[in-house]
**Q** 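Attaching a single structure in structure tokens format; questions to follow.
Numbered from 1 within each chain, the chains take letters A, B, ... in sequence-line order. Every value quoted in this text rests on a predicted model; they were computed, and no experiment measured them.
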2 protein chains.
Amino acid sequence: MNIGQVSKATGVSQRMIRHYEGIGLMPPPDRRDNGYRDYPPRSIERLRFIANARDLGFSVDEIAALLGLWDDRERASSEVKAIALGHAEHLARKAAALEAMRRTLLDLAEGCSGDARPDCPILAGLAETRPHPDRELTGASCKPKEEA
Amino acid sequence: MNIGQVSKATGVSQRMIRHYEGIGLMPPPDRRDNGYRDYPPRSIERLRFIANARDLGFSVDEIAALLGLWDDRERASSEVKAIALGHAEHLARKAAALEAMRRTLLDLAEGCSGDARPDCPILAGLAETRPHPDRELTGASCKPKEEA
DNA sequence: CTTGACCCTACCATGATGTCAAGGTTCATG
DNA sequence: CATGAACCTTGACATCATGGTAGGGTCAAG
């Protein structure tokens, strides 16, 4: 199969199919005499696996690990489950962070009249001193450089 | 003030302070004879505003809009509120998407024994045909859909 | 003068994806 | 056969926010 047909069959863009090959998620397919990639039917399965995992928010590294387990018929399902549950935890933390942002925003907006007057607690809140003024500072403001 | 002091005062890295200048969020400050950036105290306020907005997940474009309204003493608070509420909605949708992913993942993991046996519904679910019209990827193996 | 902290610009990298460019191949049709 | 559409190829650039590095200038104190 040509790349265009694989793309249609899987819903993965040609661009990303080549990309996955480049980063090692897909094995390099055979080439025909004209240089065209020639995919075996198995590739479709594997691409769908990758795309589904991506849709679930797995990182490339996680997908690589899952593919390795997929290829290994002897693997223990506990390994797969550990990756999946770890990722679920990761997703939960991200969702909670977004929710906290939203909460803060709604709290700020609550005090805002939302009319034609210029007074606005949202802007006032944004201009306030930052809650965590202890972020990373680039350059060595207080760290000794021990470089040769 | 030198950039290092502004960085310390705001918790924004020097790297990002220069970046915000490059993308137009911060006005280019005066330069001393030696080429060093020389910031007025106002810059600290503005940087804090930017950093706070960024922490709330606003995009650069949204921050630019908020800054414009911040600079405008005549603006109506309704404009600010509209941006804020729109963004809150955006955050809610993102959080919901993450939660849906997590739900799917947990559903898949539920059927997984998580022991030494190779049988694993998580991998089976990932290898399934991609949801094209509507998704039914949760739970056990569904009927394989044939689509070209 | 030396040292070390500070500043400058400019480039590279991330991750997933899109787009565009410039060129080769295949095939159908006039 | 010639032309053009539709396909394939590689490579490069852009996004967004951030970190890092390289290479070099500046300043103040010892």
**Q** Would you mind reading off the distance between A:Ile50 atom CD1 and C:dA16 atom C1', rounded to a whole angstrom?
**A** 13 Å

**Q** Applying side chain to side chain donor-acceptor pair (under 3.5 Å), name anything that partners A:Glu99, two or more places apart in sequence or on another chain.
**A** A:Arg102

**Q** Sequence neighbours excluded, which residues qualify as side chain to side chain donor-acceptor pair (under 3.5 Å) partners of B:Arg93?
**A** none

**Q** CG of B:Asp55 versus C1' of D:dA17: gap in Å, rounded?
**A** 12 Å

**Q** Can you name the residues that form a side chain to side chain donor-acceptor pair (under 3.5 Å) with B:Arg75, not counting sequence neighbours?
**A** none

**Q** Please list, chain by chain and in numerical order, all residues satisfying side chain to side chain donor-acceptor pair (under 3.5 Å) with B:Arg117, sequence neighbours excluded.
**A** B:Asp115

**Q** Classify the side chain of A:Arg15 and the base of C:dT19 as holding, or not holding, a donor-acceptor pair under 3.5 Å.
**A** yes

**Q** Taking side chain to side chain contact (heavy atoms under 4.5 Å, CB included) as the definition, give me every residue that meets it alongside B:Asp119, ordered by chain and number, with sequence neighbours left out.
**A** none

**Q** Can you tell which of C:dT17, C:dC7, C:dA16 lies closest to the side chain of B:Asn2?
**A** C:dC7

**Q** Taking atom C1' of D:dT9 as reference, at what distance in whole Å does atom CD1 of A:Ile17 sit?
**A** 14 Å

**Q** Estimate the overall bend of the helix from C:dC1-D:dG30 to C:dG30-D:dC1 from the end axes over five pairs each, rounded to 10 degrees.
**A** 40°

**Q** To the nearest 0.5 Å, tell me how far B:Leu105 CG sits from A:Leu91 CG.
**A** 6.5 Å

**Q** Within residues 32-48 of chain B, find the residues that approach DNA chain C with a heavy atom at under 4.0 Å, and present them sorted by residue number.
**A** B:Gly35, B:Tyr36, B:Arg37

**Q** For residues 50-79 of chain B, which residue pairs pass the ring pair (Phe, Tyr, Trp, His ring centres under 6.0 Å) check, not counting sequence neighbours?
**A** B:Phe49-B:Trp70, B:Phe58-B:His87

**Q** For B:Tyr20, what residues pass the side chain to side chain contact (heavy atoms under 4.5 Å, CB included) criterion, not counting sequence neighbours?
**A** B:Val12, B:Met16, B:Ile23, B:Leu25, B:Met26, B:Leu47, B:Ile50, B:Arg54

**Q** Look at the side chain of B:Arg31 and decide which nucleotide, out of C:dG15, C:dT9, D:dG19, has an atom nearest to it.
**A** C:dT9

**Q** Among C:dC7, D:dG19, C:dA16, which nucleotide sits nearest the side chain of B:Met16?
**A** D:dG19

**Q** To the nearest Å, give me how far apart CG (B:Asp30) and P (C:dC8) are.
**A** 13 Å

**Q** With sequence neighbours excluded, what pairs up with A:Ser78 under the side chain to side chain contact (heavy atoms under 4.5 Å, CB included) test?
**A** A:Ala76

**Q** May I have the distance from B:Leu25 (atom CG) to D:dA17 (atom P), rounded to whole angstrom?
**A** 9 Å

**Q** Is B:Ser13 near enough to D:dG19 that one of its side-chain N or O atoms lies under 4.0 angstrom from OP1 or OP2?
**A** yes

**Q** Hey, does B:Leu56 have a side-chain heavy atom less than 4.5 Å from the side chain of B:Glu62?
**A** no

**Q** Rounded to whole angstroms, how far apart are OH on A:Tyr20 and P on C:dG18?
**A** 9 Å

**Q** Nearest-Å distance, CD (B:Gln14) to C1' (D:dG19)?
**A** 13 Å

**Q** Rounded to the nearest angstrom, tell me the gap between atom NZ in B:Lys94 and atom P in D:dC16.
**A** 13 Å

**Q** Does the side chain of B:Ile122 reach to within under 4.5 Å of the side chain of A:Ile83, using non-hydrogen atoms?
**A** no

**Q** Would you mind telling me which of D:dA17, C:dT9, D:dT10 lies closest to the side-chain atoms of B:Arg18?
**A** C:dT9

**Q** Tabulate protein N/O versus nucleotide N/O from nucleotides 2-5 of chain D, keeping only pairs under 3.5 Å, one per line.
**A**
none

**Q** Does a side-chain N or O from A:Arg54 land closer than 4.0 Å to OP1 or OP2 of C:dG15, or not?
**A** no

**Q** With heavy atoms under 4.0 Å as the rule, sort A:Ile23 into base, sugar-phosphate or nothing.
**A** nothing

**Q** What side-chain donor-acceptor pairs closer than 3.5 Å can you find for residues 37-44 of chain B, not counting sequence neighbours?
**A**
from    : atom 1 : to      : atom 2 : distance (Å)
B:Arg37 : NE     : B:Glu21 : OE1    : 2.8
B:Asp38 : OD1    : B:Met1  : N      : 2.9
B:Ser43 : OG     : B:Pro40 : O      : 3.3

